[in-house]
Amino acid sequence: MFFVSQASSENTTSIGVKNDDADMAIQVLEEEFASEIKLGEINRMKKECNLATVAIVGENMKRTPGMAGKLFGTLGRNGINVIACAQGASETNISFVITLESLRKALNVIHDSFFLSDYQVLNVFVAGVGLVGSNLLEQIHKQKEKLQNTNSLKINIVGITNSKKYITCRERIDMNNYKELLAASENVSTPESFRDEIIGMNIFNSVFVDCTASPQVASIYKDLLQHNVSVVTANKVAASSEYALYSDLKNTSRKRGVKFLFETNVGAGLPIINTIGDLINSGDHILKIEAVVSGTLNYIFNVMSQEVPLSRAIRMAMDAGYAEPDPRIDLSGMDVLRKLVILSREAGYKLEQEDVKKNLFVPQEYFDGSIEDFWTNVTRLDAPFEARRKQLEAEGKRLRFVARLEEGQAEIGLQEVDANSPFYHLEGSNNVILLTTERYNKYPLQIKGYGAGASVTAAGVFADMISIANIR
């Protein structure tokens, strides 16, 4: 026998023995307490096998407030369930029992949290290595040494997947040749297989980063959150789909003590969602949201000129990396609609996509058929748009695709704005968001800046990741 723990209520006692001795221990105890069991004074003995006992020992633990709370809080945030615990009267050790499969994870997280390791560690799994994903991996690689030396934060990329293959390494993947390793991998990737690999590896302080636009990848978030894996995503699907799913993911992350972060869903690297969260948490109330949040559409309307017709402007947005892989997603307003839904929900409104009124500028017929059909037909819009642009230029006005929420009513559409509008002077692919609140009423709070592009989106994802480590 190497462990004894009795609940303060004195109605249970846990005894730790070797697996091989468990049956004999039950037999001896039931013989000893046979009469009490017969009278119903105590229950029959139960055994639970394949457990492990971990002991934390140190003289500095004595009379140090919060030591047990820190220990069990750290274990809980990493999904490690404590079955029994005991503390010696000398206050120099705490022993606890966990499942054997959690042992490695528990030891690692304890070493990390109690500064027996030189660094705080984040173990990161990345889905998607396109423009955003590859930029993110490059930024992490370049910043890794500085984060270690300045902030004692060590980021290990332990898993990478694309749409076909995945690679994992418990220690870390070599960022110098991950593309070659991924290409040579024999692991067939699906969102479900990558999810199962992450859960099966059971690594402490795990973070899943979604740099895709895939609904299938978004569908695995809840399973990961339930297994205490934080989720950081540039993918708008989950936060803008049915409100019930959005709410469920938020609630799951809170209950499990992990993070579900999606700052880059709106405005790339601009601090929009965090700002709204700070306002709401401090007791403010969002009354109105007005925003130009499509860097792609803003870029298109800014470069349109007598020499650059609409169809060419769309091509230029594609070449610059601002547009979605299928530019019809931007032109249909779907990207803006999703962003407005997310902003509205973060502001406290239970909004669904179908609740948003759409005033679109490209007829539905242009979205039917293949992408090749679209590129063939879109040139028919060049002449009417040039005529409209020319007229607006004479009137001192410009076109902007605006999202608006007021009194719970949401709409998106193309608007003509003059020089008095904060949207008028937006350059390139910049975004601007105006938040009218109970506090910022006469003069709305304005957030403005670069709102599109793989590099700034990756930087926003990176910032979300770092925030999980709570460093400044």
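- In this pair, Phe208 and Phe194 present their aromatic rings tilted. The plane angle is within the 30 to 60° band.
- When all heavy atoms of Phe462 and Gln143 are compared, the pair lying nearest together is CE2-CB, 3.9 Å.
- Side-chain atoms of Ser185 never come within 3.5 Å of backbone atoms of Leu182 as a donor-acceptor pair (strictly under, hydrogens ignored).
- Summarising the geometry, atom CG belonging to Asp210 is positioned 9.5 Å from atom OG1 belonging to Thr264; distances are rounded to the nearest 0.5 Å.
- If you check the side chains of Ser370 and Asp373, you find a donor sitting under 3.5 Å from an acceptor.
- Within the 4.5 Å cutoff, no side-chain heavy atoms of Asp326 are placed close to those of Phe374.
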Item to complete: Start with the C-alpha gap between Asn302 and Arg400, add the side-chain angles, then the distance that decides, and say whether side chain to side chain donor-acceptor pair (under 3.5 Å) holds.
Response: CA-CA 9 Å; Asn302 275 326; Arg400 294 289 183 256; 3.1 Å; yes

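- Under a 3.5 Å cut-off, the side chain of Asn298 and the backbone N or O of Ser294 do not form any donor-acceptor pair.
- Across all non-hydrogen atoms, the minimal contact from Ser214 to Thr212 is N-OG1, 3.1 Å.
- For residues 220-243, the set of pairs meeting the salt bridge (Lys or Arg N to Asp or Glu O under 4.0 Å) definition, not counting sequence neighbours, comprises Arg195-Asp223, Lys222-Asp248, Lys236-Glu324, Lys236-Asp335.
- A donor-acceptor pair under 3.5 Å is absent between the side-chain atoms of Ser421 and the main chain of Asp418, judged by distance alone.
- Nearest heavy-atom pair, Phe262 versus Ile342, reported as atom, atom and distance to 0.1 Å: CE1-CG2, 3.9 Å.
- Taking the ring axis of Phe367 as reference, the NZ or CZ atom of Arg328 does not stay both within 45° of it and closer than 6.0 Å to the ring centre.
- With ring centers used as reference points, Phe301 lies 6.0 Å or more from Phe423.
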Worksheet item: side chain to side chain contact (heavy atoms under 4.5 Å, CB included) between Leu445 and Thr437: does it pass, once the steps are laid out?
Response: CA-CA 8 Å; Leu445 177 63; Thr437 76; 5.8 Å; no

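- Residues Asn430 and Tyr299 have side chains that never bring a donor and an acceptor to within less than 3.5 angstrom of each other.
- Annotation for Glu354: atom CD counts as buried by contact number, over 12 foreign heavy atoms lying within 6.0 Å.
- Closest approach of Ala213 to Asn235, counting heavy atoms only: C-ND2, 3.6 Å.
- Taking CG of Leu261 as the start and OG of Ser467 as the end, the distance is 5.0 Å to the nearest 0.5 Å.
- Heavy-atom contacts from other residues, nucleotides or ligands closer than 6.0 Å to NZ of Lys250 number more than 12.
- Residues Lys288 and Glu290 have side chains in contact (heavy-atom distance under 4.5 Å, counting atoms from C-beta outward).
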Item to complete: With salt bridge (Lys or Arg N to Asp or Glu O under 4.0 Å) as the test, would you mind laying out the steps for Glu386 and Lys390 before giving the verdict?
Response: CA-CA 6 Å; Glu386 172 54 20; Lys390 193 172 182 179; 5.9 Å; no

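- Using a 4.0 Å cut-off between a side-chain N of Lys or Arg and a carboxylate O of Asp or Glu, Arg388 and Glu416 qualify as a salt bridge.
- Taking 4.5 Å as the limit, some side-chain heavy atom of Leu340 sits within range of a side-chain heavy atom of Leu405.
- For the salt bridge (Lys or Arg N to Asp or Glu O under 4.0 Å) condition, the pairs that include at least one residue of residues 137-163, sequence neighbours left out, are Glu138-Lys142.
- Residues Glu438 and Asp284 share a closest heavy-atom pair of N-OD1, 3.2 Å.
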Practice prompt. Start with the C-alpha gap between Ser311 and Arg380, add the side-chain angles, then the distance that decides, and say whether side chain to side chain donor-acceptor pair (under 3.5 Å) holds.
Written response: CA-CA 9 Å; Ser311 60; Arg380 301 204 305 258; over 6 Å; no

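- The closest side-chain heavy-atom distance from Asn205 to Asn78 is below 4.5 Å.
- Remark: side-chain polar atoms of Asp355 are paired, donor with acceptor, to backbone N or O of Glu352 under 3.5 angstrom.
- Between the side chain of Gln216 and the backbone N or O of Pro191, no donor-acceptor pair lies under 3.5 Å.
- When atom types are taken as modelled, the side chain of Gln353 and the backbone of Leu337 share no donor-acceptor pair closer than 3.5 angstrom.
- Leu137 is listed as a side-chain neighbour of Met175, based on a closest heavy-atom distance under 4.5 Å.
- Donor-acceptor pairing under 3.5 Å is recorded for the side chains of Ser282 and Arg439.
- One distance of note links CG of Leu270 with CD1 of Ile433; it measures 6.0 Å at 0.5 Å rounding.
- The shortest non-hydrogen separation linking Asn431 to Gly267 is OD1-CA, 3.6 Å.
- Gln415 contributes no side-chain N or O that, together with a main-chain N or O of Phe401, makes up a donor-acceptor pair within less than 3.5 Å.
- Counting only residues at least two apart or in different chains, salt bridge (Lys or Arg N to Asp or Glu O under 4.0 Å) contacts with residues 160-178 comprise Arg104-Glu171.
- A 6.0 Å sphere centred on OH of Tyr450 holds more than 12 heavy atoms belonging to other residues, nucleotides or ligands.
- Leu225 is not listed as a side-chain neighbour of Val229, based on a closest heavy-atom distance of 4.5 Å or more.
- Within the model, atoms CZ of Arg312 and CG of Leu310 stand 12.5 Å from one another, a figure rounded to the nearest 0.5 Å.
- Counting only distance, with no hydrogens or angles, the side chain of Lys397 and the backbone of Val417 share no donor-acceptor pair below 3.5 Å.
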Item to complete: Start with the C-alpha distance between Leu122 and Phe204, add both sets of side-chain angles, then the distance that settles side chain to side chain contact (heavy atoms under 4.5 Å, CB included), and finish with yes or no.
Response: CA-CA 8 Å; Leu122 289 181; Phe204 75 107; over 6 Å; no

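- Looking at heavy atoms from C-beta onward, Phe125 lies out of side-chain contact with Thr161 at the 4.5 angstrom threshold.
- Atom CD1 of Ile83 has more than 12 heavy atoms from other residues, nucleotides or ligands within 6.0 Å.
- Between the side chain of Asp464 and the backbone N or O of Val232, no donor-acceptor pair lies under 3.5 Å.
- The distance from atom OH of Tyr246 to atom CG of Leu351, rounded to the nearest 0.5 Å, is 11.0 Å.
- Atom CD of Glu427 sits in a sparse spot, with 12 or fewer heavy atoms from other residues, nucleotides or ligands closer than 6.0 Å.
- Side-chain atoms of Ser134 come within 3.5 Å of backbone N or O of Leu131 as a donor-acceptor pair.
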Item to complete: Take Thr233 and Tyr221 through the test side chain to side chain donor-acceptor pair (under 3.5 Å) and record every step on the way to the result.
Response: CA-CA 10 Å; Thr233 177; Tyr221 293 174; 2.7 Å; yes

Item to complete: Start with the C-alpha distance between Gln120 and Ser152, add both sets of side-chain angles, then the distance that settles side chain to side chain donor-acceptor pair (under 3.5 Å), and finish with yes or no.
Response: CA-CA 6 Å; Gln120 182 179 358; Ser152 296; over 6 Å; no

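- With Asn202 as the fixed residue, the side-chain hydrogen bond (donor to acceptor under 3.5 Å, both in side chains) test singles out one of Lys105, Glu101, His227: Lys105.
- Using a 4.5 Å cut-off on side-chain heavy atoms (C-beta onward), Asn123 and Ile155 make no contact.
- Atom-to-atom distance recorded for Arg345:CZ and Ile276:CD1 is 13.5 Å, nearest 0.5 angstrom.
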